[in-house]
Asker: 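I'd like to ask you about the structure that follows.
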Amino acid sequence: ALNMQKFLRPGDKLMLCFTTKEPDNIGELLLRAANRIGVTVLIPEDMRWKSMLALAFKSRATAISAPPFVVLGLSKLARHTNTPLFFENVITVGYRCSNWIIEGIQKGLDCQVWGCFGPGSGALVSGFTCNQEPVIHLRDEIFDFEIVDAAGNVLPDGESGYVVITPRNM
């Protein structure tokens, strides 16, 4: 949530599809980050598909933050019901994004999906920590990750050093 200002601007309307009632859970942390940026945060009254679709359409939300399968399901329902969505940025949180989910989001929202930390217009599929595993989930099919020493030499597994993240075809 620390770098959300790269993808959201003051005045954006963010549909936040997480509970925000528990202190320091992912929804509450995203809500605080969005409020600091000056984003209008829209929280669905319930997490039923039709309720979320109605809120996204009526509010003309410009961004959504949700687990990837929620974004995928919402995009499929929108296509099925011919309901236009106005999302410019999609920030997925909590689960690893498999290629089939990313392709589905791209098709459903008719947008380009960018990898972790990828700037630009279209959707952003990001990596964050989650409760499933205490690690950051990253899209290793589009990034190379290496641990290097101060001179830039790749270190063997298990060694400490600097993390280098290189996009493959961006």
Side-chain angles (χ1 to χ4, degrees), residues 1-132 136-139 141-143 170:
L2 296 175
N3 291 320
M4 284 180 67
Q5 70 271 14
K6 291 182 179 179
F7 315 110
L8 298 171
R9 299 167 302 284
D12 280 349
K13 294 179 184 177
L14 171 67
M15 188 166 132
L16 185 59
C17 300
F18 291 97
T19 181
T20 57
K21 295 179 178 152
E22 299 168 23
D24 295 329
N25 73 4
I26 191 68
E28 202 268 334
L29 293 172
L30 290 167
L31 176 63
R32 279 193 276 159
N35 285 335
R36 280 195 307 268
I37 296 168
V39 170
T40 300
V41 179
L42 310 163
I43 301 173
E45 289 182 30
D46 60 60
M47 294 298 170
R48 294 178 315 172
W49 293 110
K50 288 185 178 181
S51 298
M52 289 189 292
L53 183 62
L55 177 62
F57 174 70
K58 289 178 185 170
S59 68
R60 297 181 71 91
T62 56
I64 182 172
S65 183
F69 62 87
V70 171
V71 177
L72 178 62
L74 195 59
S75 69
K76 286 181 174 282
L77 180 61
R79 269 200 179 234
H80 178 73
T81 60
N82 293 316
T83 303
L85 296 175
F86 307 97
F87 300 133
E88 296 170 10
N89 286 296
V90 177
I91 305 169
T92 65
V93 182
Y95 299 91
R96 180 176 169 76
C97 289
S98 300
N99 282 336
W100 67 270
I101 294 175
I102 294 165
E103 290 166 8
I105 292 171
Q106 272 184 243
K107 183 178 178 185
L109 296 179
D110 192 24
C111 66
Q112 172 63 43
V113 173
W114 302 92
C116 301
F117 318 117
S121 61
L124 166 79
V125 178
S126 258
F128 290 88
T129 59
C130 73
N131 291 330
Q132 299 293 321
I136 296 177
H137 303 289
L138 299 171
R139 303 233 357 250
E141 73 275 8
I142 62 170
F143 289 98
M170 296 181 85

Asker: Looking at OG1 of T62 and CG of D12, how far apart are the two atoms once the value is rounded to the nearest 0.5 Å?
Answerer: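 Those atoms lie 3.5 Å apart.
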Asker: Partners of D46 by side-chain hydrogen bond (donor to acceptor under 3.5 Å, both in side chains), sequence neighbours excluded?
Answerer: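 With sequence neighbours excluded, D46 shows a side-chain hydrogen bond (donor to acceptor under 3.5 Å, both in side chains) to R48, S51, given in chain and number order.
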Asker: If every non-hydrogen atom of F69 is compared with every non-hydrogen atom of W49, which pair is closest and at what distance?
Answerer: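 Scanning both residues completely, I find the closest heavy atoms to be O-CH2, 3.8 Å.
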Asker: Going by side-chain hydrogen bond (donor to acceptor under 3.5 Å, both in side chains), name the residues that satisfy it together with T83, two or more places apart in sequence or in a different chain.
Answerer: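 Applying side-chain hydrogen bond (donor to acceptor under 3.5 Å, both in side chains) to T83 gives T81.
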Asker: Show the nearest heavy-atom pair for residues I37 and L8, with the distance to one decimal.
Answerer: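 So the minimum-distance heavy-atom pair works out to CG2-O, 3.9 Å.
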Asker: Donor-acceptor pairs are to be reported for all side-chain atoms of residues 54-61 against protein atoms at under 3.5 Å, with residues two or more places apart or in another chain.
Answerer:
residue	atom	partner	partner atom	Å
S59	OG	L55	O	2.6
S59	OG	A61	N	3.2

Asker: Answer whether the closest heavy-atom distance between the side chains of L72 and L74 falls below 4.5 Å.
Answerer: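 They are not in side-chain contact.
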Asker: Hey, mind stepping through K107 and E103 against salt bridge (charged side-chain N to carboxylate O under 4.0 Å, His left out) and telling me if it holds?
Answerer: CA-CA 6 Å; K107 183 178 178 185; E103 290 166 8; over 6 Å; no
Asker: Going through the distances and angles, do R79 and L85 end up as a side chain to side chain contact (heavy atoms under 4.5 Å, CB included)?
Answerer: CA-CA 9 Å; R79 269 200 179 234; L85 296 175; over 6 Å; no
Asker: Could you report the tightest heavy-atom contact between A34 and L14, atom names first, then the distance?
Answerer: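 For A34 and L14, the tightest heavy-atom pair comes out as CB-CD2, 3.9 Å.
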Asker: Could you tell me if the side chain of C17 sits less than 4.5 Å from the side chain of S65, heavy atoms only?
Answerer: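 No, side chains not in contact.
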Asker: Quick one: are M52 and E45 in side-chain contact, heavy atoms under 4.5 Å?
Answerer: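 No; the side chains remain at least 4.5 Å from each other.
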Asker: Report the distance from atom CD1 of I105 to atom OG of S75, rounding to the nearest 0.5 Å.
Answerer: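 Those atoms lie 6.5 Å apart.
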Asker: Could you grab the distance from atom CZ of F87 to atom CE of M15, nearest 0.5 Å is fine?
Answerer: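 Going from the CZ atom of F87 to the CE atom of M15 covers 5.0 Å.
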Asker: Heavy atoms only: give me the nearest P44-L16 pair and the separation to one decimal.
Answerer: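 Between these two residues, the closest heavy atoms are CD-O, 3.2 Å.
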Asker: Considering all heavy atoms of both residues, which atom of R9 and which atom of V39 are nearest to each other, and what is their separation?
Answerer: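 Shortest heavy-atom contact: O-CG2, 3.6 Å.
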